[in-house]
Amino acid sequence: MTIQIYNTLTRKKEPFIPMEEGKVKMYVCGPTVYNYIHIGNARPVIAFDTVRRYLEYRGFDVTYVSNFTDVDDKIIKAANELGEEVGELTERFINAFHEDVGALGCNKADVHPRVTEHIGDIVDFVSVLIDKGFAYESQGDVYYRTRNFEGYGKLSHQSTDELKIGARIEEGIKKENALDFALWKAAKEGEISWESPWGAGRPGWHIECSVMAREHLGDTIDIHAGGQDLTFPHHENEIAQSEAMTGKTFANYWMHNGYINIDNEKMSKSLGNFVLVHDIQKQIDPKVLRFFVMSVHYRHPINFSQNLVESAANGLERIRTAYNNLKHRLATSADLGGQKDSWLHKVDEQKAAFEQAMDDDFNTANALAAIFELTKLANVYLVEKNTQSDVLDYFIKTFGDLMGVLGLPFDDVTGLLDAAVDALIEERLEARRNRAFNRSDEIRDELKEKGIILEDTAQGTRWKRG
RNA sequence: GGCGGCAUAGCCAAGCGGUAAGGCAUGGGUCUGCAACACCCUUACCACCGGUUCGAUUCCGGUUGCCGCCUCCA
């Protein structure tokens with residue numbers, strides 16, 4: 001079955017057919033780097049990292065590009081306030097971004113282009129738009145002439161008349177039309193700037209993505225993604241710029257993720273109701289956070305609260321426990337026969353359910369349901385008297401593969417305990433054999449305080465860190 | 001005003017024409033020396049009112065409530 005993707009452009013799920021068979025060109029709008037990212041900022045990174053992983057799991061060769069906006073008003077303001085160079089500030093927060101998002105299990109993009117590395121390309125691009133009549137210079141600024149782009153509004157499904165009513169800046173001295181937007185902004189006194197045919201200045205916000213996507217992926221890309229709030233005006237403007245430039249479709253599939261809310265309201269820097277990834281991961285395992293995000297379809301809002309995250313933690317723990325117990329069983333029991341094919345088949349059924357869910361517009365909530373079914377199967381298998389390493393292996397491999405697609409690889413807990421702890425576990429076993437349960441319970445309590453939880457099974461005592 | 005989303009058990013969340021997946025929590029039971037892990041059982045008139053249909057949580061119209069974009073924003 002082909003993967004179905006909900007395309008904002010058509011407002012429908014469509015079969016995903018990349019331009020070139022087996023290859024996917026994907027562009028995800030990245031952050032403006034003037035602060036640590038909050039968990040709302042992290043959602044698209046997680047969501048589209050998962051999309052990428054699944055496409056790769058399905059055998060596609062994905063080229064993934066995600067930019068950094070490393071020059072704009074907010075950055076300049078922040079740098080001024082901190083008395084820091086723009087470049088220093090952005091470098092710092094780009095590093096922080098990689099750390100935060102890495103902790104959340106997101107892979108780096110193949111290319112992380114930065115605006116400041118593409119100024120020349122941007123100037124060239126804007127010049128062509130002017131030549132083609134899609135842009136005009138005005139007092140050192142350059143604006144996009146929306147009136148000349150016929151498809152303006154097609155992504156957000158708005159007519160230009162309707163858009164005009166809500167436009168912030170009236171047309172007037174500088175702009176021909178209220179909907180026109182800046183491609184190039186003249187520098188103010190003392191601001192970081194670059195030379196251009198229109199004087200010293202810097203790029204407007206939208207132009208960078210058009211330029212960098214084209215530079216790194218070509219005129220047309222398969223998937224362009226970002227947060228819901230980028231649909232208008234950012235992505236609408238990107239389409240206007242790019243399609244005016246090339247005359248070709250800019251992106252075939254537009255994907256937009258929903259927000260993370262606090263008390264049912266959008267988390268945003270301007271509202272001040274945000275939680276920084278940098279801070280929260282000191283209290284919450286970042287993998288739990290990712291698991292929590294995965295529990296909801298990417299286009300739907302997620303309400304964030306400590307309680308909900310704790311519930312999610314319990315769910316994830318259940319999966320981890322089953323996985324570790326499978327490993328323990330594999331390590332402690334030889335092949336003892338028993339059913340094989342029927343179990344392999346049951347695992348395959350859940351794997352198929354997982355794939356079916358992911359094929360359907362990356363429905364991670366349903367994908368997780370399949371993983372929970374797999375968890376139950378594993379737990380049932382684990383209490384069988386006879387197990388086979390082939391089956392255990394297949395369970396373990398499948399768990400690893402599927403959780404890997406969700407960016408939730410299992411931590412390796414096979415690391416050894418120190419000798420003293422080993423000795424205590426051994427002593428406890430001996431005590432139990434002698435039915436000296438006081439001593440055995442004492443040891444169990446003692447280890448528990450050290451964060452080591454013991455569980456007795458027919459195959460011996462297994463331990464985990466609690 | 002324009003465009004859009006959401007409303008499903010105590011909580012979270014799928015489903016979207018044939019009488020409701022999954023998770024968390026609760027209660028009961030089984031397993032265990034006791035635990036833990038685990039397993040079994042337990043809980044829903046799908047916001048409201050109309051319509052279409054043999055049949056609607058699912059489609060259409062309307063109502064109410066909440067949220068978002070139209071302004072920097074993931």
Contact class for [X] (heavy atom, under 4.0 Å): base, sugar-phosphate, or nothing?
X: A:Leu454; result: base
X: A:Thr457; result: nothing
X: A:Thr321; result: sugar-phosphate

Donor/acceptor link under 3.5 angstrom from [X] side chain onto base of [N]:
X: A:Gln158; N: B:rG2; answer: yes
X: A:Arg444; N: B:rA36; answer: no
X: A:Arg435; N: B:rC34; answer: no

Roughly how far apart, to the nearest Å, are [N] and [M] at atom [atom1]?
N: B:rG28; M: B:rU42; atom1: C1'; value: 8 Å
N: B:rG65; M: B:rU26; atom1: C1'; value: 29 Å
N: B:rU52; M: B:rA25; atom1: P; value: 46 Å
N: B:rU8; M: B:rU57; atom1: C1'; value: 7 Å
N: B:rC24; M: B:rC40; atom1: P; value: 12 Å

Does [N] have OP1 or OP2 under 4.0 Å away from a side-chain N or O of [X]?
X: A:Asn325; N: B:rC37; answer: no
X: A:Lys376; N: B:rG22; answer: no
X: A:Lys77; N: B:rC72; answer: no

Compare the minimum distances between each of [options] and the side chain of [X], then state the nucleotide with the smallest one.
X: A:Gln228; options: B:rA38, B:rC70, B:rG68; value: B:rG68
X: A:Ser270; options: B:rC40, B:rC69, B:rC72; value: B:rC72
X: A:Asn314; options: B:rC24, B:rA35, B:rG2; value: B:rC24
X: A:Asp441; options: B:rC34, B:rC70, B:rC39; value: B:rC34
X: A:Tyr259; options: B:rG68, B:rG33, B:rC40; value: B:rG68
X: A:Asp456; options: B:rC37, B:rA21, B:rC34; value: B:rC34
X: A:His297; options: B:rC37, B:rA74, B:rA14; value: B:rA14
X: A:Glu373; options: B:rG23, B:rG22, B:rC34; value: B:rG22
X: A:Lys269; options: B:rG22, B:rA74, B:rG33; value: B:rA74
X: A:Arg318; options: B:rC70, B:rA38, B:rC34; value: B:rA38

Q. Would a distance-only check, ignoring hydrogens and angles, find a side-chain to backbone donor-acceptor pair under 3.5 Å from A:His112 to A:Ser66?
A.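 Confirmed, A:His112 side chain pairs with A:Ser66 backbone.
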- Message: With a 3.5 Å distance limit and no angle check, can you tell me whether A:Ser295 reaches the backbone of A:Phe292 through a side-chain donor-acceptor pair?
- Response: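 Flag set: sc A:Ser295 to bb A:Phe292 pair under 3.5 Å.
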Counting only Watson-Crick and G-U wobble pairs with both atom distances below 3.5 Å, the stems of 3 or more consecutive pairs that include RNA chain B are B:1-7 with B:64-70, B:10-12 with B:22-24, B:27-30 with B:38-41, B:47-51 with B:59-63
Residues forming a side chain to side chain donor-acceptor pair (under 3.5 Å) with A:Glu349, sequence neighbours excluded:
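Side chain to side chain donor-acceptor pair (under 3.5 Å) list for A:Glu349, sorted by chain: A:His345.
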Give me the ring orientation class for A:His297 and A:His300: parallel if the planes are under 30° apart, tilted from 30 to 60°, perpendicular past 60°.
->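 Aromatic pair A:His297/A:His300 classed tilted.
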Centroid distance under 5.5 Å and plane angle under 30°, A:Phe372 vs B:rG22: no
By salt bridge (charged side-chain N to carboxylate O under 4.0 Å, His left out), A:Glu14 pairs with (sequence neighbours left out) none
The salt bridge (charged side-chain N to carboxylate O under 4.0 Å, His left out) partners of A:Glu446 (sequence neighbours excluded) come to none
Residue list, side-chain contact (heavy atoms from CB on, under 4.5 Å) with [X], at least two apart or on another chain:
X: A:Lys188; result: A:Glu191
X: A:Ala313; result: A:Val288
X: A:Val111; result: A:Val65, A:Pro113, A:His216
X: A:Glu81; result: A:Lys77

A correct 5'-to-3' footprint of nucleotides 4-12 of chain B, with B, S and - meaning base, sugar-phosphate only and no protein heavy atom under 4.0 Å, is S------SS
Which atom pairs, donor and acceptor, lie under 3.5 Å between side-chain atoms of residues 371-382 of chain A and protein residues at least two apart or in another chain?
unit_1	atom_1	unit_2	atom_2	d
A:Thr375	OG1	A:Ile371	O	2.8
A:Asn379	ND2	A:Thr375	O	3.3
A:Tyr381	OH	A:Gln388	N	2.9

Only residue of A:Val101, A:Ile37, A:Asp100 satisfying side-chain contact (heavy atoms from CB on, under 4.5 Å) with A:Val45 is A:Val101
Taken to the nearest 0.5 Å, the spacing of A:Lys464 NZ from A:Ile452 CD1 works out to 13.0 Å
For A:Phe291 and A:Gly315 the tightest heavy-atom approach is CZ-C, 4.2 Å
Note: contacts of residues 26-45 of chain A with RNA chain B (heavy atom, under 4.0 Å) are A:His38, A:Gly40, A:Asn41, A:Pro44
The correct set of residues in residues 354-366 of chain A placing a heavy atom under 4.0 Å from RNA chain B is A:Asn363, A:Ala365, A:Asn366
Self-check item: Check: A:Asp361 and A:Arg299 side chains under 4.5 Å, non-hydrogen atoms
Solution: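 Result yes, sub-4.5 Å side-chain heavy-atom pair found.
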| task | Kindly indicate whether the side chain of A:Ile262, heavy atoms from C-beta on, has any atom under 4.5 Å from the side chain of A:Val275. | result | yes
